[in-house]
A.B. asks: 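The structure under discussion is supplied below as structure tokens; questions concerning it will follow.
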Amino acid sequence: MVVRFAPSPTGPLHIGGVRTALYNYLLARKHGGRFILRIEDTDQTRFVPGAEEYIIEALTWCGIEFDEGPHIGGPHAPYRQSERKALYAQYAHLLVERGWAYYAFDTESELEEMRQRFEAAGMVAPQYNAVTRPYMKNSLTLPPEEVQERLRTQPYVVRFLVPRGREVRFYDEIRGWVSVHTKEMDDKVLLKSDGMPTYHLANVVDDHLMRVTHVIRGEEWLPSTPLHVLLYEAFGWERPKFAHLPLLLRPDGGGKLSKRDGDQLGFPVFPLQWRDPQTGETSEGYRERGFLPEGVVNYLALLGWHPAEEREIFTIDELIEAFSLERVSKAGARFDFEKARWVNQQHLRALPLRRLAELIRPLWESRRLPPVPENSLMALIELARERATLLPEIIEAVRFYYEPPTFPLPDQQGAKLNLALVEELPEWIGELVELEPWTAEDVERFIRRKAEARGLPIGKVLPTLRLALTGDVSGPSLYKIMEVLGRGETITRLERFLAAYGVQRQV
RNA sequence: GCCCCGUUCGUCUAGCCCGGUCUAGGACACCUCUCUUUCAAGGAGGAAACAGGGGUUCGAAUCCCCUACGGGGUACCA
């Protein structure tokens, strides 16, 4: 099996593209096949610098790796279509020789004129086809000498000559049989006047030359597949299997998820941050939002595919094992950011502590938070990961560690203090100094014992202590907080708290 | 407009190919209860869907047709 991902470098890859790449990758790995990256940069006007690098970096971050491509080479190099330009022209001319294509000389304004003329005659969207072709300037209508003359002196395109009266049928691995009559097809340009091929020609030629066995791409290509099928026939090549993936739709129902939707939808549509070189505008990526690549890949896999079992959480290796084209659905899938978050949360919890620490430390440092020793960091992560969905939430959940409370507390919080406990506190502190050892379990035992002895309900004690130590009423286990804070810091904070509130008691 | 593809809970979907086992299953989100010092997480439960209409059949979510709706395509863009 040979599959390929063939993006055009017109901007950042959006998550729909990531999913297409992912499905190709999963299949290649599952069947021990090859996975090719081919850059379809045949539209020079839409080329965006940095886009190719972005695509590779984004897929690498996702754990999607290629066997061949412009960045690693391979037996079918080059892998950028712009570098294969001459090749396509040869094949285009070959089709003309065989009578499957012809030269056309119509200018842009002549094409426009034709459209208007036929529209005036009642046609809805006039195309370059059997009906209009005879009225145009091409090698089928012009005398041979004039054609030769024009070929020497003028720009021209090569158009496909759609055969008449045929039903083109092909089997789509996801949709089943699809058939289109050639009367619905138009004479698509194969070779543009700048000598570059269009998608259709380049794609078919390269897929054949690169021995691609399965063309797995977005549904937007379904309507042009009959043309591709005819091209394989015209060249006399065996055609690959086709599979057209359902599209990723906007959550609000207005069409397919597009690059332009950007973060105005409230969630990223790109895997990585992207800075538009033209406008300087920056779009956030999943990585920057704090998603794990495992989470993104897992959620994306689920959008349009369903495993045979009811499990939903998969590592990429498990996806390779479980994935199959037969279980890909036909209908477009609406993107659900909430579920993406949930899937990410599942992976966050499953990640080894060490790896999490490696991810959190750079975040910690980039926020210029006070230095934290490795063992404390791990302890903090352990505390926070249960209540986090995205990476940065871990850091926010341990705010108490790097940001001690300031006293007096805001009125709203201060109102929740239990003053009876405040009175007891000096004595407690005295005993805490001696508490040995200082673990969450010991601290808990101590607090419970003291509270009981004084007849203070634990439900009153803990919130007060929590406010004194963290300034907040909610968060991770207070005993564990005291453990990571350590005896020294805990007592310091309690004393500072007392200094602020001990006075009030006298009043 | 025309062509192609699609349509099961709000969302992702199972079931459909090979009609009865479907009083339609799971997951996210939502609601209730529970656990808990708190917030989460966890546990238990709940509400929630076969687009509509015709056929075929003893029987249809499943097969056929029509309609509606959604999406895609209709460029010298991919």
Side-chain angles (χ1 to χ4, degrees), chain A residues 6-10 40-43 45-46 81 104 106-108 111 122-128 155-159 172 174-176 178-181 183-186 188-200 202-203 217-226 244 246-247 249-251 253-256 299 302-313 326-327 329-343 345 349 384-389 393 397 416 444 447 451 457-467 470 472-479:
Chain A
S8 82
T10 55
E40 309 224 328
D41 55 347
T42 54
D43 185 354
T45 64
R46 295 210 304 158
Q81 290 183 331
D106 317 276
T107 62
E108 211 173 306
L111 287 169
M123 217 177 268
V124 175
Q127 293 187 311
Y128 209 112
Y156 64 90
V157 300
V158 174
R159 282 185 182 271
D172 184 275
I174 293 168
R175 283 147 219 286
V178 175
S179 98
V180 176
H181 194 95
K183 69 170 183 254
E184 313 292 351
M185 300 170 62
D186 64 338
K188 281 268 180 292
V189 169
L190 300 178
L191 197 69
K192 301 187 255 187
S193 56
D194 65 357
M196 276 289 191
T198 58
Y199 171 87
H200 310 291
N203 200 260
R217 76 233 295 193
E219 193 185 350
E220 70 267 28
W221 294 109
L222 194 56
S224 49
T225 306
H244 290 91
L247 262 17
L249 272 20
R250 296 168 51 113
K256 69 171 173 174
Y299 176 63
L302 258 22
L303 268 187
W305 168 80
H306 194 270
E309 49 184 324
E310 269 179 357
R311 178 161 67 123
E312 293 195 291
I313 301 305
E326 296 84 73
R327 298 195 64 85
S329 42
K330 299 175 175 60
R334 218 144 269 198
F335 193 86
D336 181 359
F337 187 62
E338 276 311 311
K339 183 136 188 185
R341 284 168 48 87
W342 177 79
V343 170
Q345 180 183 48
R349 298 210 281 182
R385 62 157 14 165
E386 298 285 295
R387 26 183 64 74
T389 297
E393 293 169 8
K416 294 171 186 158
E444 174 167 6
I447 290 174
I458 198 83
K460 299 269 188 191
V461 170
L462 264 354
T464 302
L465 282 178
R466 181 183 289 280
L467 281 166
T470 71
D472 208 339
V473 287
S474 69
S477 157
L478 191 61
Y479 311 119

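We name chains A, B, ... by the order of the sequence lines, and we start the count at 1 in each one.
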A.B. asks: Below 3.5 Å, does any donor atom in the side chain of A:R387 face an acceptor in the base of B:C39, or the other way round?
C.D. replies: yes

A.B. asks: C1' atom, B:A24 versus B:U13: distance in rounded Å?
C.D. replies: 13 Å

A.B. asks: Whether the side chain of A:K188 engages the backbone of A:S224 through a donor-acceptor N/O pair (distance < 3.5 Å, no angle test) should be reported.
C.D. replies: no

A.B. asks: Could you tell me how far apart A:D336 (CG) and B:C28 (P) are, to the nearest whole angstrom?
C.D. replies: 11 Å

A.B. asks: Among the candidates B:C28, B:U38, B:A41, find the nucleotide nearest to the side-chain atoms of A:E386.
C.D. replies: B:A41

A.B. asks: Check if the side chain of A:K188 and the base of B:A75 share a donor-acceptor pair of N or O atoms closer than 3.5 Å.
C.D. replies: no

A.B. asks: Under 4.0 angstrom, heavy atoms only, what part of the nucleic acid is A:Q127 near: base, sugar-phosphate, or nothing?
C.D. replies: sugar-phosphate

A.B. asks: Applying a 4.0 Å non-hydrogen cut-off, can you work out what A:D41 is touching in the nucleic acid: base, sugar-phosphate, or nothing?
C.D. replies: nothing

A.B. asks: According to the interplanar angle, ranging from 0 to 90°, do the rings of A:W221 and A:H200 count as parallel (below 30°), tilted (30 to 60°) or perpendicular (above 60°)?
C.D. replies: perpendicular

A.B. asks: Taking salt bridge (Lys or Arg N to Asp or Glu O under 4.0 Å) as the test, write out the residues that go with A:E309, two or more places apart.
C.D. replies: A:R311

A.B. asks: Would you classify A:L247 as touching base, sugar-phosphate or nothing, given that sugar-phosphate means primed atoms plus P, OP1 and OP2, and contacts are heavy atoms under 4.0 Å?
C.D. replies: sugar-phosphate

A.B. asks: Please list, chain by chain and in numerical order, all residues satisfying ring pair (Phe, Tyr, Trp, His ring centres under 6.0 Å) with A:F335, sequence neighbours excluded.
C.D. replies: A:F267, A:Y299

A.B. asks: Which listed nucleotide (B:A41, B:C28, B:U38) is nearest to the side chain of A:R466?
C.D. replies: B:U38

A.B. asks: How is A:R385 classified with respect to the nucleic acid when contacts are heavy atoms under 4.0 Å: base, sugar-phosphate, or nothing?
C.D. replies: nothing

A.B. asks: For A:T45, report the nucleic acid contact type (base, sugar-phosphate, nothing); a contact means any heavy atom under 4.0 Å.
C.D. replies: nothing

A.B. asks: Using a 4.0 Å heavy-atom cut-off, does A:R159 contact any base of the nucleic acid, only the sugar-phosphate backbone, or nothing at all?
C.D. replies: sugar-phosphate

A.B. asks: Which whole number of Å gives the distance between the C1' atom of B:C58 and that of B:G19?
C.D. replies: 12 Å

A.B. asks: Take the protein atom CZ of A:R334 and the nucleotide atom P of B:G10, then report the distance between them rounded to whole Å.
C.D. replies: 12 Å

A.B. asks: Once you apply a heavy-atom cut-off of 4.0 Å, does A:V178 come out as touching a base, just sugar-phosphate, or nothing?
C.D. replies: sugar-phosphate

A.B. asks: Measure distances between side-chain N and O atoms of A:T198 and base N and O atoms of B:C76, and say whether any donor-acceptor pair falls under 3.5 Å.
C.D. replies: no

A.B. asks: Look at all strands and tell whether A:R175 reaches a base, only sugar-phosphate, or nothing, counting heavy atoms closer than 4.0 Å.
C.D. replies: sugar-phosphate

A.B. asks: Check the distance between B:G70's P and A:L222's CG and give it to me in whole angstrom.
C.D. replies: 20 Å

A.B. asks: Please state the C1' separation for the pair B:C5 and B:U57 - nearest whole angstrom.
C.D. replies: 29 Å

